[in-house]
Amino acid sequence: MAAKKSAGKKTVAKMAKRTTPVYGRILLKLSGETIINSLALQDALEKEEVHTRVLSAIEMRQVSEPFIRRRAMRHLEKGRIVIFAAGTGNPYFSTDTAAALRAMEIKADVILKATRVDGIYDADPEKVIEANFFTQITYKDVLQQDLKVMDSTAISLCMDNGMPIVVFNMNQHGNIKRVVLGERVGSKVTPA
């Protein structure tokens, strides 16, 4: 498992350094935005000479900057990669909701949710072999079918603000680069 995570971080680092994304601002949601994961990702990116900042919802000045929206925007304006850590800093809110909230705050063009499966299914494809894959689905269908894409608060926030979500397999070699460059990868959640 550690080798896969390390390879994924190298891919993100190389992609961030050598490609021109199709989206202006992207929020890439990896599983578990813990401080440790954020620092490991920052380390991998900086080894590739990609300027990054970790902004944490929980103040930990020794290892990260506190999340302040204007500070995040300024880092983005300077061309830095901003890694949001520690969710919202509040109980009862998932990292999915934090990703949706931060995407709205930085006026992202899209949320890219990296997962272990190829996209959105009507059942867990790791448990149900006959699970049906969706290439595109609406927010309302995700909520009505109680699909486990993101929690309902995050989906509702994205729906209310028209924020598209792309869900894709982060363990498939090259997927991060392909999705950032606008290739059709995984599943897309849209208004209609």
Side-chain angles (χ1 to χ4, degrees), residues 5-6 8-17 19-116 139 142 148-168 170 176-177 179-180 188-189:
K5 284 187 177 180
S6 176
K9 288 175 191 156
K10 279 188 173 181
T11 301
V12 172
K14 287 178 182 173
M15 179 271 309
K17 189 174 177 184
T19 61
T20 304
V22 72
Y23 302 106
R25 288 210 175 121
I26 299 168
L27 193 136
L28 173 62
K29 183 188 183 310
L30 302 168
S31 20
E33 291 84 10
T34 65
I35 290 291
I36 293 297
N37 289 347
S38 299
L39 294 173
L41 180 57
Q42 179 184 36
D43 183 58
L45 288 165
E46 288 188 345
K47 282 181 180 171
E48 295 292 326
E49 299 177 12
V50 177
H51 299 288
T52 64
R53 296 292 186 270
V54 173
L55 274 61
S56 173
I58 299 171
E59 209 167 298
M60 295 183 209
R61 290 190 185 269
Q62 292 84 352
V63 294
S64 67
E65 298 177 35
F67 173 76
I68 299 167
R69 184 188 165 279
R70 286 185 178 192
R71 182 177 286 181
M73 297 300 288
R74 185 72 179 125
H75 286 316
L76 291 168
E77 288 165 5
K78 289 183 174 184
R80 296 176 181 139
I81 300 285
V82 176
I83 302 167
F84 299 107
T88 64
N90 299 300
Y92 311 114
F93 290 93
S94 70
T95 56
D96 289 340
T97 300
L101 177 63
R102 298 296 181 240
M104 304 314 149
E105 290 176 318
I106 66 166
K107 299 179 179 12
D109 295 319
V110 65
I111 294 176
L112 303 179
K113 183 174 181 188
T115 67
R116 296 186 321 252
Y139 304 109
V142 168
K148 304 301 178 198
V149 178
M150 296 172 103
D151 66 70
S152 60
T153 303
I155 293 291
S156 297
L157 186 56
C158 289
M159 180 173 65
D160 292 347
N161 290 278
M163 177 64 63
I165 305 163
V166 177
V167 180
F168 67 98
M170 69 180 164
I176 294 173
K177 181 178 180 179
V179 74
V180 167
K188 189 169 187 176
V189 185

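Remember, predicted model here, so these are calculated numbers, not experimental data.
- A donor-acceptor pair under 3.5 Å is absent between the side-chain atoms of Ser64 and the main chain of Leu55, judged by distance alone.
- Remark: Ala98 engages Thr88 in a side chain to side chain contact (heavy atoms under 4.5 Å, CB included) (not counting sequence neighbours).
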query: Which is it for Thr153 and Ser156 under the side-chain contact (heavy atoms from CB on, under 4.5 Å) test, yes or no, and what are the steps along the way?
result: CA-CA 5 Å; Thr153 303; Ser156 297; 5.9 Å; no
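- Annotation: side-chain hydrogen bond (donor to acceptor under 3.5 Å, both in side chains) contacts of Lys47 (sequence neighbours excluded): Asp43.
- Side-chain contact check for Cys158 versus Ile111: some heavy-atom pair is nearer than 4.5 Å.
- Residues Arg102 and Ala57 share a closest heavy-atom pair of NH2-CB, 3.7 Å.
- In this structure, Asp151 CG and Phe93 CZ are separated by 9.5 Å, a value rounded to the nearest 0.5 Å.
- Here Ile106 contributes atom CD1 and Leu101 contributes atom CG; the two are 10.5 Å apart, rounded to the nearest 0.5 Å.
- Of the inter-residue distances, the one linking Glu46 atom CD with His51 atom NE2 reads 8.5 Å to the nearest 0.5 angstrom.
- Partners of Leu39 by side chain to side chain contact (heavy atoms under 4.5 Å, CB included), not counting sequence neighbours, listed by chain and number: Ile35, Gln42, Val54, Val63.
- Tyr139 places a side-chain N or O within donor-acceptor distance of the main-chain N or O of Met163, the cut-off being under 3.5 Å.
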Identify all side-chain donor-acceptor contacts of residues 72-86 below 3.5 Å with residues at least two apart in sequence or on another chain.
unit_1 : atom_1 : unit_2 : atom_2 : d
His75  : ND1    : Arg80  : NH1    : 2.7
His75  : NE2    : Glu65  : OE1    : 2.9
His75  : NE2    : Glu65  : OE2    : 3.3

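- Checked against side chain to side chain contact (heavy atoms under 4.5 Å, CB included), Asn161 has the following partners two or more places apart in sequence or in another chain: Met104, Leu157.
- For the salt bridge (Lys or Arg N to Asp or Glu O under 4.0 Å) test, residues two or more places apart in sequence or in another chain that qualify with Lys148 are Asp146.
- Atom-to-atom distance recorded for Asp160:CG and Ile155:CD1 is 11.5 Å, nearest 0.5 angstrom.
- Evaluation of the side chain to side chain contact (heavy atoms under 4.5 Å, CB included) rule for Arg61 yields Glu59, Pro66 as partners, not counting sequence neighbours.
- Side-chain N or O atoms of Lys113 include none that pairs as donor or acceptor with a backbone N or O of Ile165 at under 3.5 Å.
- Lys188 and Val166 get closest at one heavy-atom pair: CG-CG2, 4.2 Å.
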